[in-house]
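To keep things clear, I will list the structure first and then write my remarks on it.
Quick note on labels: first sequence line is chain A, next is B, and so on, each numbered from 1. What you see below is based on every heavy atom in this structure, not just the backbone, and it leaves out hydrogens, waters and symmetry mates.
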2 protein chains.
Amino acid sequence: MTKTNRSVERSMDILETVSDLGVCTLGFLAQQTALPKPTVLRICKTLVDRRWLSQSKNDKRYRIGPRFPRMETTPGLIDALVESGSTAIVELSAATGLGVDLAASIGEGRLEIVDTTRQFALHGIFPDCVGYRPSPFRSALGCVFLAALDTETRVRCTARLAATLTGSDRAAAMEFPRKVDDIRTKGFAVREKGYWGRAVDYGGVPTAISVAVRSGDKTVGAISLVWLAEQYETGTIVEKYLHRLQKTAQVIGAQLAAEHPQLLLPSM
Amino acid sequence: MTKTNRSVERSMDILETVSDLGVCTLGFLAQQTALPKPTVLRICKTLVDRRWLSQSKNDKRYRIGPRFPRMETTPGLIDALVESGSTAIVELSAATGLGVDLAASIGEGRLEIVDTTRQFALHGIFPDCVGYRPSPFRSALGCVFLAALDTETRVRCTARLAATLTGSDRAAAMEFPRKVDDIRTKGFAVREKGYWGRAVDYGGVPTAISVAVRSGDKTVGAISLVWLAEQYETGTIVEKYLHRLQKTAQVIGAQLAAEHPQLLLPSM
DNA sequence: AGACTACGTTTCACCAGGTGGAACGAAAAT
DNA sequence: ATTTTCGTTCCACCTGGTGAAACGTAGTCT
C-alpha cells in the first residue's frame, strides 16, 4: 500500500483547526493537535511564508491568510448549467463543425469547464477538458467572463485574483483593465498569445473565441468555440459563427432562468 | 531562524496547482511541481485520505475534495457590521453590566466574532474572543444564526456542515433540526451543555444568550449577552434583558441596511 | 499482432529532514 | 517579587520521507 506523509497530515490538522475555530495561538494549536510546540511552530512558519496563514503583529495569533485557496461555488449551478446547456452546445457544435466548451462560474471570478463537445477524431484537440479551470486573465473564457461582470464585482474579483496569482497570470491581471472595454464592445474574447493551458499535452494548438452566458442580470458562465489553430483564421470564424455563438449563449441563459429561477435569487 | 517544513511546502504546491487549474493527473502534477512522481503520489494519497482532494474512479485524476476548508465571506460585511454595531453593543453592555459579543456571517452558515465588550476585570471571562468562530450547532450564537436563516439555506448549510464537522459537533448537527422550532419561537438560543469553546483557557465558565441580527430580509450575524455562569441564572437574565438584546439586534440590522445597502444586494 | 509509449504504482537502500525534550528570554498575571 | 505562560532556539537522535529503478497495465501507433 502507498505510504502517506505525516507532515502533510499535521499541516491539515493545523489548517482545519484554524479554519474551524478562527484565530488561534501557537500553544492552543499545539494542544488541539497534540503536537509539540516546535513542530507546530515550524509548520505554521511554512504556512505563513506562503500566506496560507497570517499572523497579527502584536499578539502572534494565527488566522487564515489571503493566499489560502478559496472556493465559492453557488451550490447546484454546475448541474443546472449542464442540464440547461448541453443540448444547445451539441447543436452549435454540429452546426459549426467546431468544438464547444461550456464553463460555469465557481466564484471569485473563476470558471470551471463543465461540459464539452470536443472529440479528438473530429476536432484534433485535447478533449478531456471537463473540470479544467481556465486562466482568469489569459484564456478567452476567463477574460470574457470577467468583462461581463458588473464593474464593482469585476474590480473586487480582479483585485483578489491579482493578489493570489503569480507569474504570467499576475502580469496579465495588471494588463486586464485596459482590455475590458475592447472585449465588451466586440462582445467576445480570444486567448492571450502564449497561453495554451494544457492543450500541449497532445493534439495541436487550439484557438478559441468565447462569449459570456448571462441569466437574468447575472453572469453565470461562458461558452467557447474551439478549433485547431492551423486550420482556420480567427477572423473567418468570427465572421461566420460569432452571431450563432452569441445566440447559443442567450438560449442557455434564458433556459437556465426558466428551469432554475432559484439560483438567481440572493443567497444570504 | 526557524526552519520550515519541506513536505508542507510541497503539499501547498500541489493544492495550489489543483485549485488553480482544476482537475489534474498525477503525471501533470509531478511535472508542474518538478517533483518525482512517487513523492506526488504519497502526498496526494495523504490529501485524498482526508478528502482535501478527491479522485474519480475511472481516470485517476485529482480535484479539490469536499473537506477542503471553504471560505465564503461577503466582502466588506465584517467591517460594515463592526461600524454599524459597535456603539450599540457598548450601550447594551453598559445598560446590562454584561459582556456583549457581535458576530458576522462568514458564509456557509458559519459565524466569526468581530467585536466584543468583554473585559476580564468587569465580567470575569476570557476577553480575547474576536476572530473566534463559535460552533455552528453547539454555541448560542451559531444555533440562533442558523435558526434565523430561511429554510432552504438552513437545510443546505446544515447538510454541508454536517459533512465537514466531526466528533461532538457532528452529533450536535444531527440533533439540530429538532431544536430549530424551539429557538424560533423563543427568539433566542443558549449554548449546549458541555460546550465552552476555549473559555477554559482562563476565567470562569461563561454562559450566553444570543439573538440573530437581520438586515432587510437577510440574516447577517448575531449578538450575545455573556456572563459568568456562577453569577446569574439564565432565566433571570432572559427576563430582565432579552427584550433589550432583541431591540439592539434590530437597531444594528436597521443601521446596517441604512449605511451599507449594497451589501444586501445579489452578488453574482 | 506486435512495438511502443505513458500512465499510476511498488520497491527499497539511503540519509537528509524533520523531530521533540530541554532550556531560553520576554511578557503578563498574581 | 514571584510565578506562570508565551513564543522561540538549540541540537543529538533517528525515523519518516525520498527518488531512481523497475513493474504491470492500458491505450496508441505501425
Side-chain angles (χ1 to χ4, degrees), chain A residues 1-14 18 23-49 53-63 119-121 124-128 198-204, chain B residues 1-14 17-18 23-49 53-63 118-128 198-204:
Chain A
M1 200 52 191
T2 314
K3 286 184 193 173
T4 57
N5 185 311
R6 190 177 53 161
S7 292
V8 174
E9 272 169 10
R10 291 171 165 189
S11 71
M12 287 192 283
D13 288 336
I14 290 171
V18 177
V23 65
C24 294
T25 65
L26 181 85
F28 178 76
L29 282 172
Q31 172 193 323
Q32 281 286 308
T33 56
L35 293 172
K37 280 198 288 180
T39 301
V40 176
L41 179 72
R42 283 189 297 263
I43 293 176
C44 284
K45 186 194 182 325
T46 313
L47 295 168
V48 167
D49 283 352
L53 288 180
S54 58
Q55 254 181 319
S56 42
K57 281 250 164 65
N58 357 343
D59 57 7
K60 303 278 191 105
R61 300 196 295 175
Y62 297 96
R63 64 187 65 227
Q119 291 177 253
F120 188 71
I125 44 179
F126 185 68
D128 294 341
R198 273 175 286 175
V200 286
D201 281 358
Y202 65 91
Chain B
M1 200 52 190
T2 315
K3 286 184 191 171
T4 57
N5 185 311
R6 190 177 51 162
S7 292
V8 173
E9 272 169 10
R10 292 171 166 189
S11 71
M12 286 192 283
D13 287 337
I14 290 170
T17 304
V18 177
V23 65
C24 293
T25 64
L26 181 83
F28 178 76
L29 282 172
Q31 172 192 324
Q32 281 285 309
T33 56
L35 294 171
K37 280 197 287 181
T39 301
V40 176
L41 178 72
R42 282 189 298 265
I43 293 176
C44 285
K45 185 192 183 327
T46 313
L47 296 167
V48 168
D49 282 352
L53 289 180
S54 59
Q55 250 181 321
S56 43
K57 281 251 165 58
N58 354 348
D59 58 7
K60 302 281 191 97
R61 298 197 296 174
Y62 297 95
R63 62 186 67 223
R118 298 189 194 197
Q119 292 178 252
F120 188 70
L122 284 180
H123 313 111
I125 45 178
F126 185 67
D128 295 339
R198 274 176 287 174
V200 287
D201 282 358
Y202 65 91

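- Closest approach of K3(B) and K45(A) over heavy atoms only: O-CD, 3.6 Å.
- A 4.5 Å side-chain heavy-atom check between L26(B) and K37(B) finds at least one atom pair inside the cut-off.
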Per-nt protein contacts along nucleotides 10-24 of chain C (heavy atom under 4.0 Å; B base, S backbone sugar-phosphate only, - none) come out as B------SBBBBB--

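- One interatomic measurement links the two molecules: CZ of R61(A) to P of dA27(C), which rounds to 18 Å at whole-angstrom precision.
- Summarising the geometry, the separation between OH on Y62(A) and P on dT8(D) is reported as 5 Å, rounded to the nearest angstrom.
- Separation of atoms OG (S11(A)) and CZ (R10(B)) is listed at 13.5 Å; rounding is to 0.5 Å.
- In this structure, CG in D13(A) is found 8.5 Å from CD1 in I43(A), a value given to the nearest 0.5 Å.
- Rounded to a whole Å, the CD atom of Q31(B) is 13 Å from the C1' atom of dC7(C).
- dG17(D) atom C1' lies 13 Å from atom CD of E9(A), rounded to whole Å.
- When the C1' atoms of four end pairs are superposed on the next four at each end of the helix from dA1(C)-dT30(D) to dT30(C)-dA1(D), using five pairs per end, the two resulting axes differ in direction by 40°, to 10°.
- Rounded to whole angstrom, the span from the CD atom of Q119(B) across to the P atom of dA29(C) amounts to 13 Å.
- With T46(A) contributing its side chain and N5(B) its backbone, the two residues share a donor-acceptor pair below 3.5 Å.
- Protein atom CG of L26(A) is 17 Å distant from nucleotide atom P of dA27(C), rounded to whole Å.
- With rounding to the nearest 0.5 Å, the separation of CG in L41(B) from OG1 in T2(A) is 4.5 Å.
- The distance from atom CZ of R6(B) to atom OG of S7(A), rounded to the nearest 0.5 Å, is 10.0 Å.
- Atom CE in M12(A) sits 6.0 Å away from atom CD in E9(A) (nearest 0.5 Å).
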